[in-house]
Amino acid sequence: MGIITIQGGTPLRGETVIQGAKNSALPILAASLLSGDVCRIEGCPHLSDVDSAADILRYLGCTVVWEDDDLLVDSRTLTRCDIPQSLMRRMRSSVIFLGAILARCGWAELSYPGGCELGPRPIDLHLSALRALGADISDAGGTLRCRAAHLRGCQIVLATPSVGATENAMLAACGAEGDTVICNAAREPEIADLQEFLCAMGAQVRGAGGSVITVSPGRALHGCAHRVIPDRIVTATYLCAAAAAGGDITLRSTEHRQLAAVTTALRQAGCRVDCGTDYIRLTRTEPLRAVPPVQTTPYPGFPTDCQAIFMAALLQSRGTTVFVENIFQSRYRHVPELIRMGADIRTEGRVAVVCGVERLHGAEVVATDLRGGAALVTAGLAAEGITTVQGVGHIHRGYEELPAHLRALGAHITEEN
């Protein structure tokens, strides 16, 4: 799995360019099945989750090849409509293929997805949306068997604004007869990026970014080229890394308006954050201070994916900060590892209380999930001595060459397989 070694205590300085968004690339790759043609995904990040999605597409009969940082998907050669357990279990978001396969083929068969263990993440909302469109879905022995000779447009009201369920409903609705209206839709920027991709293929989708999305099928879809938006969670990670270690960094090819909740919290902690059309600059020269309670909520609130990373940045802040995790039940698995580094954190249920300490020290820690792994690296940059992070395969799921980018900013960090 590899080990990341960090010699902490060095402020970060310089510039880096933000990669394409993992959480945009994955549903877009699934959506490429709908074209029955060739799609070019520009600026697609080189990640293990993207590799998993590409392997699923290849299993289904598609041709998938890299051209530098672009991923080309030819779905004209689709030959299968099932995905084996060995591929499904490699990542949670593999369930996003369900809606696309169902719309393209009229049937789909796959097992429940795998990925990071962040507590129960049921796909009931996904299945409910597809059933509303007319799909007949059975679940036997952990295998989902879906049939839909004719999907029909309808109104879908999501009980909660689930990103994945919104995306699956959008994809399936592209193969339905008549308009589909998705109410209480997720509002994340990645949803809007998926809409832009679908429209580039010829679909009629509108409303993404708001709580009501309308899909009006009827046009034949075709191939297209589309550039993935910058990864806002990766952006937040580098900002929190500089907040933890101190210094002055500039992030290029990013969008500050998608991170207002995070940049506001960083300013409250004592960082200077300057934003421009496509850049964010963070400067931290004084010790950080505690901030008002941080509560994770759906976009545009504070992202659950940034909770662990921002927590790591505040470990040496002056005062006490309360975190409330409202999205996932098991998203404090990084806390025992941070405590090994000298952090003062107490948890109870969905609440974590962080009392700032004067010093952190290096330790041997283990990443158990993607964002928790990034939090351990962030803490290691601020700690005295050497920190070794194991389980870095989790980090590779969402970060493209994280140690190399941090080295370019002055960090003393290496990775060994």
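Remember, it's a predicted structure, so these values are computed and weren't measured experimentally.
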Go through Glu400 and Asp231 one step at a time and tell me if the side chain to side chain contact (heavy atoms under 4.5 Å, CB included) criterion holds.
-> CA-CA 11 Å; Glu400 190 175 65; Asp231 197 310; over 6 Å; no
Is any side-chain N of the basic residue among Glu109 and Arg145 closer than 4.0 Å to the acidic one's carboxylate O?
-> yes
Do other residues, nucleotides or ligands put more than 12 heavy atoms under 6.0 Å from Arg272 CZ?
-> no
How far apart are the closest heavy atoms of Met341 and Ala383, and which atoms are they?
-> CE-CB, 4.0 Å
Backbone N or O of Arg340 within a donor-acceptor pair of the Glu364 side chain at under 3.5 Å?
-> no
Qualifying salt bridge (charged side-chain N to carboxylate O under 4.0 Å, His left out) pairs, either residue in residues 14-35, two or more places apart = Glu15-Arg252, Lys22-Asp49
By ring pair (Phe, Tyr, Trp, His ring centres under 6.0 Å), which residues pair with His46, not counting sequence neighbours?
-> Trp66
Which residue pairs satisfy the salt bridge (charged side-chain N to carboxylate O under 4.0 Å, His left out) criterion with at least one member in residues 207-216, sequence neighbours excluded?
-> none
Backbone N/O of Thr296 and side chain of Asn326: donor-acceptor pair under 3.5 Å = yes
Return yes if some donor-acceptor pair links the side-chain N/O of Gln195 with the main-chain N/O of Ala208 below 3.5 Å, else return no.
-> yes
Any side-chain heavy-atom pair of Val95 and His126 under 4.5 Å = yes
Could you check if a side-chain atom of Leu151 sits within less than 4.5 angstrom of a side-chain atom of Thr180, using non-hydrogen atoms only?
-> no
Begin from the C-alpha positions of Ile345 and Leu315 and carry the test side chain to side chain contact (heavy atoms under 4.5 Å, CB included) through to its verdict.
-> CA-CA 9 Å; Ile345 310 172; Leu315 296 179; 3.8 Å; yes
Closest heavy-atom pair, Leu127 versus Ile137, reported as atoms and distance to 0.1 Å, is O-CD1, 3.8 Å
Of all heavy-atom pairs between Gly319 and Ala290, which one has the smallest distance, and what is that distance?
-> C-CB, 3.6 Å
Would you say the side-chain atoms of Gln85 pair up with the backbone N or O of Ser111, donor to acceptor, closer than 3.5 Å?
-> no
Minimum side-chain heavy-atom gap Phe328-Gln307 below 4.5 Å = no
Please check if the side chain of Thr378 supplies one atom and the backbone of Ala312 the other of a donor-acceptor pair under 3.5 Å.
-> no
Donor-acceptor contact below 3.5 Å, side chain Gln390 vs main chain Val366 | no
Does anything in residues 337-360 pair up under ring pair (Phe, Tyr, Trp, His ring centres under 6.0 Å), and if so which pairs, sequence neighbours excluded?
-> none
Could you tell me whether the side chains of Asp82 and Tyr59 share a donor-acceptor contact shorter than 3.5 Å?
-> yes
Closest heavy-atom pair and its distance - Pro287, Arg318 = CG-NH2, 3.5 Å
Does Arg346 reach the side chain of Cys355, with side-chain heavy atoms less than 4.5 Å apart?
-> yes
Does the side chain of Cys105 come within less than 4.5 Å of Leu78's, by heavy atoms?
-> yes
Measure across Leu171 and Pro27 and return the closest heavy-atom pair with its distance rounded to 0.1 Å.
-> CD1-O, 4.4 Å
Kindly state each residue pair satisfying salt bridge (charged side-chain N to carboxylate O under 4.0 Å, His left out) with at least one member in residues 160-181, sequence neighbours excluded.
-> none
Modelled atom types, side-chain donor and acceptor of Thr237 and Tyr399, under 3.5 Å | yes
Criterion side chain to side chain contact (heavy atoms under 4.5 Å, CB included) on Ile191 and Met170, from CA distance to verdict = CA-CA 9 Å; Ile191 302 289; Met170 290 169 68; 3.9 Å; yes
Donor-acceptor pair, side chain of Asp274 and main chain of Arg281, under 3.5 angstrom = no
Sort and list the pairs that fulfil ring pair (Phe, Tyr, Trp, His ring centres under 6.0 Å) and have at least one residue in residues 155-214, not counting sequence neighbours.
-> Phe197-His226
Output yes when a side-chain donor or acceptor of Arg284 lies under 3.5 Å from a complementary backbone atom of Ala244, and no otherwise.
-> yes
Carefully, step by step, assess Leu409 and His405 under the rule side chain to side chain contact (heavy atoms under 4.5 Å, CB included).
-> CA-CA 7 Å; Leu409 294 172; His405 283 282; 5.8 Å; no
Mind checking whether Ile413 and Val377 have side chains closer than 4.5 Å, heavy atoms only?
-> yes
Sub-4.5 Å side-chain heavy-atom contact between Ile18 and Tyr238 = yes
Provide the closest heavy-atom pair for Gly410 versus Thr10 in the form atom of the first, atom of the second, distance.
-> O-CG2, 3.5 Å
Residues Arg331 and Glu325 bridged, charged N to O under 4.0 Å = no
Does Asp70 offer a backbone N or O that forms a donor-acceptor pair with the side chain of Arg40 under 3.5 Å?
-> no
Answer yes or no: is there a side-chain heavy-atom contact under 4.5 Å between Arg104 and Ser75?
-> yes
Assess whether atom CD of Glu286 is packed by more than 12 heavy atoms of other residues, nucleotides or ligands within 6.0 Å.
-> no
Quick check, are the ring centers of Phe310 and Phe302 under 6.0 angstrom apart?
-> yes
Under 3.5 Å: donor-acceptor pair, side chain of Asp136, backbone of Arg147 | no
